[in-house]
Novice: 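Sharing a structure below in structure tokens format, with a few things to ask.
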Number of protein chains: 2
Amino acid sequence: MTRDATATRARVLDAARARFGADGYDRTTIRAVAADAGVDPALVMRYFGGKDGLFTQAADLDLDLPDLAGTAVDDVPALLLERFVAVWERDATFMALLRASASSETAAARMREVFTSQVAPALAVVAVDQPDRRAALVASQVLGLAVARYLVRLPSLVDLETDDLLAWVGPVLLHHLTAPLPGGSPPATGSS
Amino acid sequence: MTRDATATRARVLDAARARFGADGYDRTTIRAVAADAGVDPALVMRYFGGKDGLFTQAADLDLDLPDLAGTAVDDVPALLLERFVAVWERDATFMALLRASASSETAAARMREVFTSQVAPALAVVAVDQPDRRAALVASQVLGLAVARYLVRLPSLVDLETDDLLAWVGPVLLHHLTAPLPGGSPPATGSS
DNA sequence: CCACCTGGTCAACGGCTGTTGACTTGACCG
DNA sequence: CGGTCAAGTCAACAGCCGTTGACCAGGTGG
């Protein structure tokens, strides 16, 4: 059972996610990840090609958002928040990506890609209007929640139970998705 | 005019803010800051005692929030957002603190302190209810905006003019400050 | 002229890191 | 048993970083 390359790979990847999520990109060392996985640093190199490769594979985030077509827009915030909390608490992938985005342009680009390929399309179905912008606003609130709660750890947000969190923030997400366009006289560019 | 310690200190501090804001804590090297300021790295040591000291003094954030007592609550979001955008764009202090918070517990603690000593007291005057929690929710949206716009750089948020930003996000801040308590049956602790 | 203090530089040390290439171990196969 | 190939280890290199202590420059006061 030992000497199982697939299992070892998975163990290294788990250790990497934990380290990247807890310490950020720069403070995470290949040596520490290897030690956590009970493996020689050189093996990490062989498997992932380098620190960048290790991060890329460790921070491959899949939000697994459901198809919202046919869902009443009022039910969307609950679904979204439940999904995000689940992702936050399942493993450290999201935190790894978030922490790394602060100091690595590559990670920030990956974050943008997660938004473009997963969040924006999912929300485009339920936002009547300027779907991309509304999706970005939703993302800003959710991202801010993650930062304030898990990164900065403001006590009055850490104390919130998941249900209360939904009750406080849900209406805001709904607002971002459905509120009438701001700016009384929209300078629409001809295309209507 | 050369050999002016005060001016040199200021030059180093400016360079440090720029570097910390652009690259984060770990990627910023004392050598690079010193080079930017046209100074020997050893001088930075003499003046600030080390990298931590340099960061602490460079990331000493003052939001300069106005006294909101006597302000109509509907006017608060505009004031707040204008202040935050001003702080974001004035210098790199806020970005330095935000980026560093992702990988340094010290920086995260400083962020918490900024909230506790500046944001929460300022908003306590206008939030009728659970002022600390409402202030934290406001902070989460503002922080999320900073992350999404300046760090992850979601295009549809980067494109927003300051005025439009206010129009989109203002109502949300107002909601966070004034919306009725969620949870139909509040488990109030005896005081009613 | 000399001493002195402040502002500033120089060269170096020690530690940690990513990365590499040669080596070892162990399981399977004929 | 002997060979072979993947899995894994070992020791080392080269580079960069924070930090240090000794040193230099130049204006000031006696």
Side-chain angles (χ1 to χ4, degrees), chain A residues 1-59 96-97 99-100 102-107 110, chain B residues 1-59 96-97 99-100 102-107 110:
Chain A
M1 244 343 177
T2 341
R3 279 183 91 81
D4 179 347
T6 315
T8 306
R9 256 187 84 100
R11 220 169 348 117
V12 171
L13 233 34
D14 281 347
R17 265 187 283 265
R19 284 279 180 179
F20 281 129
D23 303 337
Y25 183 85
D26 297 297
R27 285 177 138 78
T28 296
T29 73
I30 289 198
R31 285 172 150 93
V33 171
D36 288 354
V39 161
D40 193 274
L43 194 68
V44 179
M45 288 291 130
R46 281 228 170 283
Y47 281 173
F48 302 97
K51 195 178 178 179
D52 283 346
L54 177 62
F55 176 78
T56 302
Q57 298 213 28
L97 197 53
R99 284 207 143 95
S103 62
S104 154
E105 178 51 33
T106 308
R110 176 78 188 116
Chain B
M1 239 352 174
T2 341
R3 282 181 86 81
D4 179 348
T6 314
T8 306
R9 257 186 82 100
R11 222 172 343 122
V12 171
L13 233 34
D14 281 347
R17 266 188 282 266
R19 283 282 180 178
F20 282 129
D23 302 338
Y25 184 86
D26 297 297
R27 285 178 138 80
T28 296
T29 72
I30 289 199
R31 286 171 149 93
V33 171
D36 288 354
V39 162
D40 192 274
L43 195 68
V44 179
M45 289 290 131
R46 275 223 179 290
Y47 281 172
F48 302 96
K51 195 177 178 179
D52 283 346
L54 177 62
F55 175 78
T56 302
Q57 297 213 30
L97 198 52
R99 285 208 143 95
S103 62
S104 153
E105 178 51 33
T106 307
R110 176 78 189 116

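Chain A is the first sequence line, chain B the second, and so forth, proteins listed ahead of strands; every chain is numbered from 1.
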Novice: Can you tell if the side chain of A:Asp26 reaches within under 4.5 Å of the side chain of B:Ser103, non-hydrogen atoms only?
Specialist: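 No, every pair of side-chain atoms sits at 4.5 Å or beyond.
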Novice: Distance from A:Leu54 atom CG to A:Tyr25 atom OH, nearest 0.5 Å?
Specialist: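 Here the rounded value is 8.5 Å.
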Novice: Would you mind telling me which of D:dG21, D:dG18, C:dG18 lies closest to the side-chain atoms of A:Met45?
Specialist: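 Taking heavy atoms from C-beta onward, the closest nucleotide is C:dG18.
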Novice: So what does A:Phe48 hit on the nucleic acid, given a heavy-atom distance under 4.0 Å: a base, only sugar-phosphate, or nothing?
Specialist: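 It contacts nothing in the nucleic acid.
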Novice: Find the distance between CZ (B:Arg99) and OG (B:Ser104) and round it off to the nearest 0.5 Å.
Specialist: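 With rounding to 0.5 Å, CZ (B:Arg99) is 15.0 Å from OG (B:Ser104).
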Novice: Measure CZ/B:Arg46 against C1'/D:dC24 and give the value in whole Å, please.
Specialist: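 Roughly 13 Å, once rounded to whole Å.
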Novice: As an exercise, state the distance from OG1 of A:Thr56 to CZ of A:Phe48, rounded to the nearest 0.5 Å.
Specialist: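 Result: 11.0 Å between the selected atoms.
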Novice: So which nucleotide from D:dA12, C:dG8, D:dG18 ends up closest to the side chain of B:Arg3?
Specialist: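 Of D:dA12, C:dG8, D:dG18, C:dG8 is nearest to the side chain of B:Arg3.
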Novice: Looking only at non-hydrogen atoms, find the nearest pair between A:Phe20 and A:Lys51 and report the distance.
Specialist: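 Between these two residues, the closest heavy atoms are CE2-CE, 4.4 Å.
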Novice: If you measure from CG on B:Leu97 to CZ on B:Arg17, what distance do you get to the nearest 0.5 Å?
Specialist: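 Output value for this atom pair is 12.0 Å.
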Novice: Grab the CG-P distance between A:Asp40 and C:dG18 for me, whole Å please.
Specialist: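 Spelled out: CG on A:Asp40 to P on C:dG18 is 13 Å.
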Novice: If you check every side-chain atom of A:Ala42, which of C:dG8, D:dC10, D:dG8 has the closest atom?
Specialist: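 For the A:Ala42 side chain, the nearest candidate turns out to be D:dC10.
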Novice: What integer distance in Å separates A:Asp4:CG from C:dT25:P?
Specialist: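 Distance, rounded to whole Å: 21 Å.
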Novice: Using a 4.0 Å cut-off on heavy atoms, which residues in residues 50-57 of chain B reach DNA chain D? List them by number, or say none.
Specialist: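 Those residues are B:Gly50, B:Lys51.
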Novice: Atom CZ in B:Arg31, atom CG in B:Asp36: separation rounded to 0.5 Å?
Specialist: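 So the CZ of B:Arg31 and the CG of B:Asp36 are separated by 14.0 Å.
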Novice: Of the candidate nucleotides D:dG18, D:dC10, C:dG18, which contains the atom at the shortest distance from the side chain of A:Arg31?
Specialist: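 From the listed options, C:dG18 comes nearest.
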Novice: Looking at every strand, decide which applies to A:Ile30 at a 4.0 Å heavy-atom threshold: base, sugar-phosphate, or nothing.
Specialist: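 Result for A:Ile30 = sugar-phosphate.
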Novice: B:Tyr25 has an atom OH; how far is it from atom P of D:dG18, in whole Å?
Specialist: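 Atom-to-atom, B:Tyr25 to D:dG18, this comes out as 8 Å.
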Novice: Write down the distance between CG (B:Leu43) and P (D:dA25), rounded to a whole number of angstrom.
Specialist: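 Spelled out: CG on B:Leu43 to P on D:dA25 is 17 Å.
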Novice: Look at all strands and tell whether A:Thr28 reaches a base, only sugar-phosphate, or nothing, counting heavy atoms closer than 4.0 Å.
Specialist: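 The residue A:Thr28 makes sugar-phosphate contact but no base contact.
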Novice: Given C:dG8, is OP1 or OP2 found less than 4.0 Å from the side-chain N or O atoms of B:Thr8?
Specialist: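 For C:dG8, OP1/OP2 do have a side-chain N/O of B:Thr8 under 4.0 Å.
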